[in-house]
Peer 1: 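Before I ask anything, let me first share the structure, which is written out below as structure tokens.
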Amino acid sequence: MNFGLTEEQELLHSEARKFLEEQSPLDEVRRTTSNPEGYCPKQWKTIAELGWTGLVIGEKYGGAGLGWIDLIVVLEETGRALFPSPLISTLIAGSTIADFASDAQKERWLPGLASGDEIGALALLDDASAPALGAAKPRATRDGDAFRVSGTRLHVIDAPNATSILIAFTDDTDALHLAYVPAATAGITVEPRETVDRTRRIGHVTLANLRVAPEDVLASGDDAQRVLESTLDRGAVATTAEILGAGTAIHAMTVQYAKDRVQFGSAIGRYQGVKHPLAEMYVDLESIRSLLYYAAWAIEEKPEDAPLAASRAKAFATEAFTDIGVGAIQLHGAVGYTEEYDVQLYLKRSKWARPAFGDEIHHLERVARLGGL
Amino acid sequence: MNFGLTEEQELLHSEARKFLEEQSPLDEVRRTTSNPEGYCPKQWKTIAELGWTGLVIGEKYGGAGLGWIDLIVVLEETGRALFPSPLISTLIAGSTIADFASDAQKERWLPGLASGDEIGALALLDDASAPALGAAKPRATRDGDAFRVSGTRLHVIDAPNATSILIAFTDDTDALHLAYVPAATAGITVEPRETVDRTRRIGHVTLANLRVAPEDVLASGDDAQRVLESTLDRGAVATTAEILGAGTAIHAMTVQYAKDRVQFGSAIGRYQGVKHPLAEMYVDLESIRSLLYYAAWAIEEKPEDAPLAASRAKAFATEAFTDIGVGAIQLHGAVGYTEEYDVQLYLKRSKWARPAFGDEIHHLERVARLGGL
Amino acid sequence: MDFHYTAEEEAFREEVRAFIAEHNIPEDEHEDPDALEGWHQALIAKKWIGFSWPKEAGGGGGSLIEQFILKEEMSEARAPALGSDFMGLTWVGPALINHGTEEQKQRWLPDLLNCRSIWCTGYSEPDSGSDLASLKTRAVREGDEYIVTGQKIWTTLAHKAQWIFMLVRTESADRYGGITCVLIDMKSPGIEVNPIPNLVGDHSFNQVFFNEVRVPVANRLGDEGQGWRVVMGALANERTGISESTTMVQQLDRLKDLARRATRGGRPALEDPEVRRQIARFDCRISAMRLNGMRHLTHQLKGELPGTETSVNKWLRGPLEIEMHDLALGLLGPEAVEPGDWQRTSLVFHGTVIGGGSPNIQRNIIGERILGLPKD
Amino acid sequence: MDFHYTAEEEAFREEVRAFIAEHNIPEDEHEDPDALEGWHQALIAKKWIGFSWPKEAGGGGGSLIEQFILKEEMSEARAPALGSDFMGLTWVGPALINHGTEEQKQRWLPDLLNCRSIWCTGYSEPDSGSDLASLKTRAVREGDEYIVTGQKIWTTLAHKAQWIFMLVRTESADRYGGITCVLIDMKSPGIEVNPIPNLVGDHSFNQVFFNEVRVPVANRLGDEGQGWRVVMGALANERTGISESTTMVQQLDRLKDLARRATRGGRPALEDPEVRRQIARFDCRISAMRLNGMRHLTHQLKGELPGTETSVNKWLRGPLEIEMHDLALGLLGPEAVEPGDWQRTSLVFHGTVIGGGSPNIQRNIIGERILGLPKD
């Protein structure tokens with residue numbers, strides 16, 4: 001029984017933090033996100049060399065061969081730094097392919113995803129409250145042994161930068177299929193959309209008579225349901241890791257402010273009206289950490305627990321982070337909502353994180369259902 | 001435009017308070033409520049002589065001929081004192097008969113209700129979340145020009161002491177009827193029930209082939225719907241008035257405790273962790289007062305506004321009083337949940353007040369519906 | 001208790017409605033100077049700018065109940081503000097009327113009433129937020145002038161104002177008694193204005209630096225050391241919260257519209273009892289704000305001191321804004337990540353809430369001044 | 001990260017389960033002395049009373065992980081407590097082991113381990129609730145005796161206990177350093193015990209008066225002035241919150257059962273998404289409590305000082321109790337006005353919450369000791 005990080009994981013943790021503090025401080029983040037692509041290809045190359053893009057991909061495909069705990073350790077830090085990159089989507093695409101695809105598909109995609117040459121995206125969600133389990137909206141007709149797929153997916157994270165995309169569609173027998181396809185294929189259009197949180201890029205993905213060859217299909221029927229559900233759980237857990245990092249950062253900034261800011265002769269952190277909300281945020285962050293660690297562990301070690309664990313983590317984290325964002329701004333007073341002060345960047349991140357991979361409404365209902373209601 | 005009490009009402013207010021402080025302090029309340037009937041017939045006679053039982057009954061029937069603002073002014077004080085008596089039920093029975101009954105029925109009932117010789121009860125509710133509008137559960141068959149009514153009403157306030165009861169039933173054409181009948185009639189059984197709040201008495205009322213003569217019927221069909229709805233609104237407003245008084249009392253006790261209790265060298269009221277919840281309770285109580293005054297005014301002066309106003313008041317007051325009860329106990333620490341300390345009597349009252357005349361679920365839904373949703 | 005109005009009051013309400021019918025301009029033109037010019041001229045002709053001020057000061061001499069009716073109708077109609085200079089009309093005018101010399105009144109009031117000036121106010125400083133009285137900007141007297149040095153922050157509209165109405169420290173030892181009120185020409189040498197854009201990039205706040213700015217002693221309002229009294233007195237006629245509640249009702253209507261077209265857990269949002277209850281709770285609280293305001297107004301009409309009652313509505317508003325935006329963004333679902341009206345106000349409403357004093361300050365005021373709990 | 005157990009640990013878990021299968025008694029007999037006698041004798045034979053104490057003190061010498069497994073299985077099975085004397089086993093035993101003389105250990109430990117004594121503890125006084133160190137009961141030395149005068153309050157089980165483990169003031173000037181720990185025979189002349197029934201009429205609390213009670217110096221635990229250290233040290237092996245979370249899970253199961261048969265707004269409560277979400281939120285928070293406890297246990301296993309981590313779970317529990325009862329009473333509807341299980345616990349749970357230190361104290365501990373914010 002050991003519910004903590006290994007020494008290697010602690011090391012990975014502190015190296016990731018050190019790297020991001022040095023290479024991507026928040027003023028650098030502000031510069032990067034004002035570029036059209038919203039991330040820095042050079043930094044992307046560097047983190048790929050550090051092994052981050054291939055964290056959970058086996059060594060035989062050029063990955064680091066590590067596990068989901070290592071993955072969330074890194075994502076906690078990218079969340080803390082608000083590091084702008086398509087890392088989450090690429091990691092989850094790689095993780096799903098590594099765990100569920102055929103050997104040929106692994107050969108085809110994993111080396112590129114591990115090296116960072118491929119950037120992934122997951123065009124799976126119907127809407128945030130109800131991720132597309134069951135019949136997916138894009139529909140397919142048969143074209144020989146291939147499919148022709150048409151339909152639209154909205155607000156797809158990292159789509160504008162993706163080189164390959166995971167899609168879900170149903171055929172004329174209402175069977176679900178998952179396929180991984182190059183983004184540059186004829187029949188795929190990505191329309192970039194503006195976002196409140198400039199550190200993330202999203203886009204609407206339209207499939208118009210897209211040809212999906214048999215070798216593109218990862219899973220079909222019940223298998224596809226299982227893979228889709230697991231992929232969405234991975235997305236929820238990865239998002240929770242970034243929430244933990246971002247929430248910890250905004251909390252630390254606010255604690256520091258409460259120590260430094262003097263009003264009526266005392267640091268404002270002395271007053272219980274400031275101290276107690278900060279204590280409650282701490283309790284929430286500790287709880288997010290616990291729920292997250294368990295969910296990440298379950299993905300690999302106890303998959304039957306993963307759906308409930310992932311939904312608990314994302315539901316709790318979503319609500320807590322929403323409150324932490326608003327509370328931190330309030331405790332800062334006027335300075336908190338100036339453009340210049342970094343705390344607002346995290347408030348905007350909380351707006352992004354809420355619907356990502358299912359909002360609290362979706363995940364609470366799932367917790368209720370899996371809990372026997 | 002004047003949203004305040006008149007001088008006469010202020011006088012009534014302070015006289016009611018003075019009377020109850022002198023005649024019914026809380027140790028007297030504890031003694032009285034340990035009696036089986038749960039109220040003091042001698043005190044009941046005295047308040048009847050003061051005109052409280054006939055507050056809104058016309059002078060020609062022996063009442064004081066005052067209005068609903070006067071009524072809530074008195075009920076705020078009985079709430080503050082946790083005065084144990086069947087006053088609310090008697091007042092509402094009188095108010096409904098005075099406003100909606102025939103002259104003959106007024107002659108029959110109002111003098112007794114005004115003098116306190118009659119004690120009323122309202123056997124109307126299906127359950128707290130959904131007061132019985134529409135088809136009422138007791139059903140009636142025709143028996144010549146009379147009805148034969150059978151059915152049960154649960155948790156009827158003041159039923160064990162009532163001498164006459166307002167009942168609702170539907171006939172075989174699904175038309176609703178309201179009738180006011182003597183409690184001692186054959187076919188009516190009252191089963192007293194234990195209560196958490198010992199200052200209130202409740203009972204289950206069973207009607208078994210009860211004969212209801214035409215002269216007992218107050219209203220039928222659409223009329224009956226209107227009278228029933230208004231009667232329940234009156235109950236909700238009266239309960240809100242007692243909530244305001246009780247909430248103000250428990251708040252005042254807690255403020256006083258916060259001034260007196262010294263910990264770590266300061267009165268605990270200095271700490272924002274104590275001061276701020278007390279401030280929030282104050283805001284809630286002020287808001288209950290405003291919502292209540294308007295609802296009481298609307299009952300008489302703008303009946304078309306009364307349903308929304310009554311539901312807003314009861315919904316808000318119910319939720320706030322529930323929180324105030326729990327918060328006050330917490331702020332008192334250990335002493336708050338001893339038998340000896342009076343604050344617990346108010347906590348128990350909050351448990352009674354919540355479902356009385358519709359809980360927050362019922363009234364919030366009504367606010368939503370009346371607000372166009 | 002009586003919610004009826006006298007015939008005169010009803011007639012005045014009709015007059016306001018007729019005015020609005022004739023002059024009101026659509027909300028999307030509220031920033032359009034040409035459209036506003038007509039609106040302002042019409043208001044000036046009615047003497048509805050400075051309506052609460054006495055007639056001898058050039059104001060409208062409106063009674064409290066008339067002011068209430070005017071404000072209520074204007075908010076209901078979503079009309080533009082009653083004048084172009086919120087700060088000037090709220091703070092400077094009343095302070096001049098109460099404490100100004102005849103010469104000072106002649107000099108500044110007409111421009112205020114005729115929309116020919118814009119004022120900003122200088123209270124907050126970098127180290128004094130909620131704790132206004134700790135301000136440090138100093139004014140040293142030299143002959144007929146004060147030499148003012150220091151800085152102000154969160155100065156709304158300083159980049160557009162001709163004048164600043166501000167507090168300076170003329171004596172350092174006395175926390176309240178060393179504070180003096182001065183009116184300074186924003187074109188004075190030594191003033192530098194730096195914008196502070198907010199988190200959506202809008203510019204309304206500024207930092208204002210004063211580097212040995214020379215201010216004629218004639219521009220001092222009230223005596224030396226009376227500044228605190230001058231400013232606090234201007235607050236005597238404080239908001240009742242009624243027009244804020246009107247704004248909140250309008251926001252609630254928008255939220256209901258959103259709920260009518262949104263889904264929740266895959267079903268129409270209005271079929272979700274939680275959504276219905278949350279909206280009903282907002283409705284109850286907004287109604288409470290309005291009625292609290294009416295009780296407050298009644299106290300004012302009876303000549304009772306306004307005191308601290310406004311803190312009640314100020315405290316109610318903060319959580320309301322937070323929870324209404326929380327529901328709105330939830331209803332928007334994934335669309336909430338894209339820019340839009342609710343998204344924008346979910347980022348900036350904090351300004352509204354903090355602008356009225358931080359929520360902790362409101363609770364301290366209630367706890368200490370109303371409930372009599374010991375100061376922290 | 002690894003939630004697996006070693007083969008030895010799994011074997012121990014099986015041993016606990018077998019024990020429970022053989023000896024457990026139903027919940028409605030937990031107050032029955034005869035049933036408990038068998039349970040206690042079986043526990044004593046296993047050395048599972050005082051399981052965490054070292055073997056040389058007569059304890060079970062159980063490892064941390066074994067203690068965890070034992071407690072977890074016992075809570076899951078809703079078994080009676082591990083012994084008859086909660087206070088004695090939690091406070092007195094560990095303090096005797098750390099600070100007692102050999103003679104003192106011999107005198108008191110065997111009875112403790114064999115369920116032959118009941119202890120109460122005297123910390124709180126009328127004027128010192130959260131602020132324990134302000135206690136005033138004084139002990140004046142006279143030869144080989146202390147003369148103890150003062151009063152204790154909220155003394156659980158004082159009316160049944162043979163002994164009281166308590167703090168007294170031997171020196172008045174020094175807030176912490178003047179406090180001493182003494183063990184007093186409850187039959188000593190000068191002790192008077194008055195019951196304090198709680199709001200549902202149960203008697204568990206008492207007020208205890210000490211009027212010149214003579215206590216042999218041999219009954220002092222630790223040196224004079226070391227009392228604070230003696231008591232705080234006994235807390236070193238504090239609860240991780242895991243068994244509390246098991247209790248909460250059981251409560252949540254009861255709440256789900258209630259929701260399955262209740263109605264809400266005229267429909268089955270489980271069709272109301274708000275009910276489902278509220279229950280799901282409780283589920284998430286209880287799960288967080290459990291996993292927080294596991295991380296805390298991991299820190300203990302690694303030999304890291306436990307510190308203040310328990311405050312996290314203590315704070316989580318208070319609002320959970322409040323909100324779960326709030327939902328339960330809402331689901332009961334009008335039935336909530338009649339006595340019943342939920343109604344009863346909705347009145348008395350405050351005791352549980354306050355018993356762990358007031359919620360404000362927990363937040364102060366987190367704010368000051370963990371986050372490093374200045375003391376109030």
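Throughout, a chain's letter reflects where its sequence line sits, starting with A, and its residues are numbered from 1. What you see is a predicted model, and the numbers here were worked out from it, not measured in a lab.
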Peer 1: Hey, does E242(B) have a side-chain heavy atom less than 4.5 Å from the side chain of T78(B)?
Peer 2: yes
Peer 1: Heavy-atom pairs under 4.5 Å with chain C: which of E360(B), E319(B), E301(B) has the most?
Peer 2: E319(B)
Peer 1: Answer whether the closest heavy-atom distance between the side chains of K314(B) and V237(B) falls below 4.5 Å.
Peer 2: no
Peer 1: Quick check on the interface: out of R295(C), R276(C), R277(C), who has the most heavy-atom pairs with chain B under 4.5 Å?
Peer 2: R295(C)
Peer 1: Measure I279(C) against the heavy atoms of chain B and call it side chain, backbone, both or neither at under 4.5 Å.
Peer 2: side chain
Peer 1: Check whether any side-chain heavy atom of F282(C) lies under 4.5 Å from a side-chain heavy atom of L327(C), and answer yes or no.
Peer 2: yes
Peer 1: Does anything in residues 302-311 of chain B reach chain C? List residues with heavy atoms under 4.5 Å apart, or say none.
Peer 2: none
Peer 1: Which of the residues I365(C), L316(C), L301(C) is involved in the greatest number of heavy-atom pairs with chain B at under 4.5 angstrom?
Peer 2: L316(C)
Peer 1: Is it the case that over 12 heavy atoms from other parts of the model lie below 6.0 angstrom from the CG atom of D257(C)?
Peer 2: yes
Peer 1: Considering heavy atoms only, which positions within residues 65-76 of chain B lie below 4.5 Å of chain C?
Peer 2: I69(B)
Peer 1: Please find out if less than 6.0 Å separates the ring center of F3(B) from that of F68(C).
Peer 2: no
Peer 1: Is any side-chain heavy atom of R366(B) closer than 4.5 Å to one of D233(B)?
Peer 2: yes
Peer 1: Give the intermediate values and the outcome of side-chain hydrogen bond (donor to acceptor under 3.5 Å, both in side chains) for residues R234(B) and S230(B).
Peer 2: CA-CA 6 Å; R234(B) 288 160 201 237; S230(B) 182; 3.0 Å; yes
Peer 1: Looking at A315(B), S287(B), G372(B), A296(B), which has the largest count of heavy-atom pairs under 4.5 Å with chain C?
Peer 2: S287(B)
Peer 1: I'd like to know which of A252(B), A258(B), A368(B) tops the heavy-atom pair count under 4.5 Å against chain C.
Peer 2: A368(B)
Peer 1: Between E14(C) and A11(C), is there a donor-acceptor pair closer than 3.5 Å when you use the side chain of the first and the backbone of the second?
Peer 2: no
Peer 1: For the interface with chain B, which of K256(C), E9(C), R285(C) has the highest count of heavy-atom pairs at distances below 4.5 Å?
Peer 2: K256(C)
Peer 1: Check whether any side-chain heavy atom of M281(B) sits under 4.5 Å from a side-chain heavy atom of V255(B), and report yes or no.
Peer 2: no
Peer 1: Centre-to-centre under 6.0 Å for Y294(B) and F3(C), is that the case here?
Peer 2: yes
Peer 1: Can a donor-acceptor pair be found, under 3.5 Å and without considering hydrogens, that links the side chain of K259(B) to the backbone of T254(B)?
Peer 2: no
Peer 1: Would you say the side chain of E10(C) lies within less than 4.5 Å of the side chain of R13(C), judging by non-hydrogen atoms?
Peer 2: yes
Peer 1: Looking only at side-chain N and O atoms, does E72(C) offer a donor or acceptor that is under 3.5 Å from a partner on T246(C)?
Peer 2: no
Peer 1: I370(C) versus chain B, heavy atoms under 4.5 Å apart: side chain, backbone, both or neither?
Peer 2: side chain
